[in-house]
Amino acid sequence: MKYDFKAIEKKWQDIWEKTKVFEAKDDYSLPKYYALVEFPYPSSQGLHVGHPRSYTALDIISRKRRLEGYNVLYPMGWDAFGLPTENYAIKNRIHPEIVTKQNIANFKRQLKSLGFSFDWSREIDTTDPEYYKWTQWIFLKLFEKGLAYKKEMAVNWCTSCKCVLANEEVVNGVCERCSSEVVRKNKSQWMLKITEYAEKLLNDLDNVDYIERVKTQQRNWIGRSVGAQINFKTTAGDDLVVFTTRPDTLFGATYMVIAPEHPYIEKWSSLIENISEIREYQAQAARKSDFERTEIAKDKTGVCIKGVSAINPANGKEIPIFISDYVLISYGTGAIMAVPGHDTRDWEFAKKFGLPIIEVVSGGDVSKEAYTDCENGIMVNSGFLNGLTVEEAKAKIIEWLAENNIGQKKVNYKLRDWVFSRQRYWGEPIPIVICDKCGFVPVPESELPVKLPMVESYEPTETGESPLAKIESWVNTTCPKCGCPAKRETDTMPQWAGSSWYFLRFCDPHNKDEFASKKALEYWMPVDWYNGGMEHTTLHLLYSRFWHKFLYAIGLVTTPEPYAKRTSHGMILGENGEKMSKSRGNVVNPDEVVEEYGADTMRLYEMFIGDFEKAAPWSTTSIKGCKRFLDRIWALQENLVDEAGYRAEFEGAVHRTIKKVSEDIEELKFNTAIAAMMEFVNEISASGKITKDEYRTLLLLLNPFAPHITEEIWQLQNFGGMLNQASWPAYDEEKCKVQEVEIVVQINGKIKAKMMVDVNIDKDSVIKLAKQEPKIQAELDNKQVVKEIYVPGKLVNIVVR
RNA sequence: GCGGGUGUGGCGGAAUUGGCAGACGCGCCAGACUUAGGAUCUGGUGUUUUCUAACGUGCAGGUUCAAGUCCUGUCACCCGCACCA
């Protein structure tokens, strides 16, 4: 009989669906396992071969856990709000809701064709009002606790999407999505105070099992630095506050710099003698896009503010104040004390503007370059700090600042608040009413969801207003508080909103009264294993941790962290080693692969392709090896003998294979797990037959990787019930051990002979045996033995002179 | 510039605490079965070679009986951040 993968795969997919074997049970007495993959954005291009890499990996974990007796939740859904759908809708004149429905149907068909064991009864869709009702509800909780606020500020504006972007969405000064220019624009925006959770988001990384590079990237993004905040008196009367990580160098501060956007410029405008020159510089800086600003970062520019100066509190000296765009309004206080002797940027600026450079830590040569790596230096030219180490000076100056009420110790973060408004149609409406009398008024809970109005035209506007603003019947409403005429907020939420809590909804997806019941959350959370892309480390992963921590703080979820374990898969590249893309013409369509080789081969190949965490190029020839392997698995049926148990000569191999596959799966080493099964099959095949129990074990081990073919053979050979209801095979550590091993005999580290010995042989006997080898005898002739080494089960090394 | 990572056959990639480098697969070579082979099976396949060995994990040193693995230096590539005070 031929291996007809098409018929087999269809057959089992239907059976699994009908029998609902992969639906998570609501029996909370069972041991649970929550496996999660990032739910996809259903684009019009359909599934990418990269998607199944992640989904197959956790499908393997999920299927293995079920065989191990766990109640497994492995859900799937759609992160369906977002720009590409909207842009596609505009271009093709189809409503985004219809586009989304079509795309979801296509994705679902493709996912089903790969035989993933998702619990489809818990499918969710972020664009479903029953879902986004709760996204809006959580937003209102954030608003209620003061963590959502609206603020006029300079934001990243994508010139092509005509929309505001979060800092996390700007990559190298261009839009993450469309690679168009991003400029700064002043707009009133909804913001979420993620910075309030900076410390928790950072510290709690110590309590979760994430791969190290994810932790490192999040730590860097949060960017904690410890220093001091210092007040400088100015001749204008106001104190200029700065943040510095080097308060020890205060005596070396010879000038100050404020960001072009600093509010004091307006405040001091009547005092500033060269205000027109300053304004010209401000205008120039504002005109630059982020891209330009980083491109020309090398050359320092700036203007000295004439008419106002500051006083260095350490030595009472009057120092000038400059404005320059190398100081960012968004970090620290938007102002710095410049210490050109010990900071590279300040040094360059001082050189260009002829400002004094004072050495305050000895050891370098500040006339040539800034001396920054000076932890081991000694303080000089620093009054009461002279003679101290940098470390001591930091402590002492902070003490002194506090005593004199000039400043104090301060921790600063690079992380900034999350820009939460988007001026686009296809997103969750922000459930706020703007009333002239009452200000921002939350839409009452009973009126949620605030549904997106169905409209004809949803193109973005040139003015930067949301398309919703044009729909008067929707915008005009009454204030829930005072009943006066009022307007709805017309901005929508960013794509990341719906995905910030979806893992909670999976626990209880049909709940009409709550986003999820406490009981369900207590049972299922946290997610035991979450796999997803590295590209989401500072976006989705950080945002969702923030939302979850907020919900924890207000007592609505029961764990401080949403994900116990996080891993990340490498990309699947095109055959030429480049990233797959339409324009490069190297895209592999999963439908075609399934058509030609079947889902089982595709799954197996994606796991065999290489190190799971690293990128790997697709190969249209290599995949054939996986198909051949499955053909051989199928053909083994012809060698099946009516014999129970493992044959004595294969018992060790069976146990070792179970051990290897079981362990490798847990460590994401799918490629070597498959290699171990291939080796096993090679060995068994050579014997010309296979016993029932050998076959059963092999099918169980292979099932998570290739679920269809294994179920089919299981049924054809009457191994009893459905394979997915059986138990994961056990191994006996004792039986994994080999009795006889080949060991290597070396002379001075060079291999001279090999011999078979009993695994438990002692050192003296093995060395005696080794010396009997003719080759070794010859080598030892006329030589003096200096040292004899025996590594059990590996080698003997005889050192001679 | 800072942070993280990677360099192993023709290719994808394997190698517990240092212990036979190249598992497994692709490709290639030879043979078998065949009208046929882009099917299947069997064997071979790091390089050089005087057929005995020598060399071999980006490069140069070092530690060690023994180094892909540890140490020092160095080069290349990839990813993330980037004037973060």
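Side-chain atoms are counted along with the backbone in the values below, which use heavy atoms only and exclude waters and symmetry mates. Lettering of chains follows the sequences in order, A, B, ..., and the numbering in each one begins at 1. All values reported here derive from a predicted model rather than from experimental measurement.
- Rounded to the nearest 0.5 angstrom, A/I319 CD1 and A/M256 CE are separated by 5.5 Å.
- Under the 30°/60° scheme for interplanar angles, the aromatic rings of A/Y543 and A/W418 are found to lie parallel.
- Looking at heavy-atom distances under 4.0 Å, A/R416 makes contact with a base.
- A side-chain donor-acceptor contact under 3.5 Å links A/H536 and A/E38.
- Between B/G38 and B/U47, the distance separating the two C1' atoms is 31 Å to the nearest Å.
- Between the side chains of A/T620 and A/E575, a donor-acceptor pair is found at a separation under 3.5 Å.
- Within 4.0 Å of A/T538, counting heavy atoms only, lies no atom of the nucleic acid at all.
- Taking each heavy atom of A/N671 and A/D611 in turn, the nearest pair found is ND2-N, 3.7 Å.
- Across the strands present, B/U74 finds its partner in B/G58; the criterion is a Watson-Crick or G-U wobble pair with both atom distances under 3.5 angstrom.
- In terms of heavy-atom proximity, A/V361 sits nearest to A/Y371 at O-CD2, 3.7 Å.
- Checked by atom type, the side-chain pair A/S225/A/N412 shows no donor-acceptor distance below 3.5 Å.
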Could you list the protein-to-nucleotides 17-20 of chain B atom pairs, N/O on both sides, closer than 3.5 Å?
from	atom 1	to	atom 2	distance (Å)
B/C20	O2	A/K754	NZ	2.8

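- Checking side-chain atoms of A/K300 against main-chain N and O of A/K351 turns up no donor-acceptor pair under 3.5 Å.
- When all heavy atoms are compared, the tightest approach of A/M534 to A/R213 is CG-NH1, 3.6 Å.
- If you check B/U50 for Watson-Crick or wobble pairing at under 3.5 angstrom, you find it has no partner at all.
- For B/A82, there is no paired nucleotide, since no Watson-Crick or G-U wobble pair has both relevant distances below 3.5 Å.
- Nucleotides B/G18 and B/C78 are separated by 33 Å at their P atoms, to the nearest Å.
- Between the CD atom of A/E606 and the C1' atom of B/G12 there is a distance of 14 Å, given to the nearest Å.
- In this structure, the NZ atom of A/K627 is 17 Å from the P atom of B/G38, given to the nearest Å.
- The gap from the P atom of B/A21 to that of B/C55 amounts to 12 Å, rounded to the nearest Å.
- Computed from coordinates, the A/E788 CD to B/A66 C1' distance equals 16 Å when rounded to whole Å.
- Residue contacts shown for A/K410 are absent, as no nucleic acid heavy atom lies under 4.0 Å away.
- Between A/V786 and A/V800 the shortest heavy-atom distance is CG2-C, 4.1 Å.
- One atom, CG of A/D343, and another, C1' of B/G1, lie 12 Å apart when rounded to the nearest Å.
- Distance A/L573 CG to B/C11 C1': 14 Å, rounded to the nearest Å.
- Between A/K351 atom NZ and B/C83 atom P the separation is 24 Å, expressed in whole Å.
- Computed from coordinates, the A/Q217 CD to B/G5 C1' distance equals 11 Å when rounded to whole Å.
- Within the 4.0 Å cut-off from OP1 or OP2 of B/U16, not a single side-chain nitrogen or oxygen of A/K669 is found.
- Take the nearest nucleotide of RNA chain B for A/F612 and for A/S685: the residue whose nucleotide is more 5' is A/F612.
- Which of B/U6, B/G4, B/A85 sits closest to the side chain of A/I336 comes down to B/A85.
- Nucleotides B/U42 and B/U16, compared at atom P, are 29 Å apart to the nearest Å.
- Remark: B/A21 base-pairs with no nucleotide; criterion is Watson-Crick or G-U wobble with both hydrogen-bond distances under 3.5 Å.
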Scan nucleotides 23-32 of chain B nucleotide by nucleotide, 5' to 3', and note B when protein non-hydrogen atoms come under 4.0 Å of the base, S if they reach only the sugar-phosphate, - if neither.
BBSSS-----
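- Using N1 to N3 plus N6-O4 or O6-N4 for Watson-Crick, or N1-O2 and O6-N3 for G-U wobble, each under 3.5 Å, B/U42 pairs with B/A30.
- The NZ-C1' distance, from A/K414 to B/G80, rounds to 11 Å in whole Å.
- Below 30°, between 30° and 60°, or above 60°: for A/Y255 and A/F349 the angle between ring planes is below 30°, a parallel geometry.
- Using C1' as the reference atom, B/U74 and B/U64 are 23 Å apart when rounded to the nearest Å.
- For B/G9, the glycosidic angle deviates from 0 by 90° or less, giving a syn base.
- Heavy atoms of A/A338 sit nowhere under 4.0 angstrom from any nucleic acid atom.
- B/G46 and B/G68 have their C1' atoms separated by 15 Å, with the value rounded to a whole Å.
- A distance of about 14 Å separates the C1' atoms of B/A82 and B/G4, rounded to the whole Å.
- A/L542 is listed as a side-chain neighbour of A/L415, based on a closest heavy-atom distance under 4.5 Å.
- Distance noted for atom C1' between B/U50 and B/U57: 28 Å (whole Å).
- A/D631 comes within 4.0 angstrom of no nucleic acid atom, judged by non-hydrogen atoms across all strands.
- Both A/T245 and A/T216 sit near RNA chain B, but only A/T216 has its closest nucleotide nearer the 5' end.
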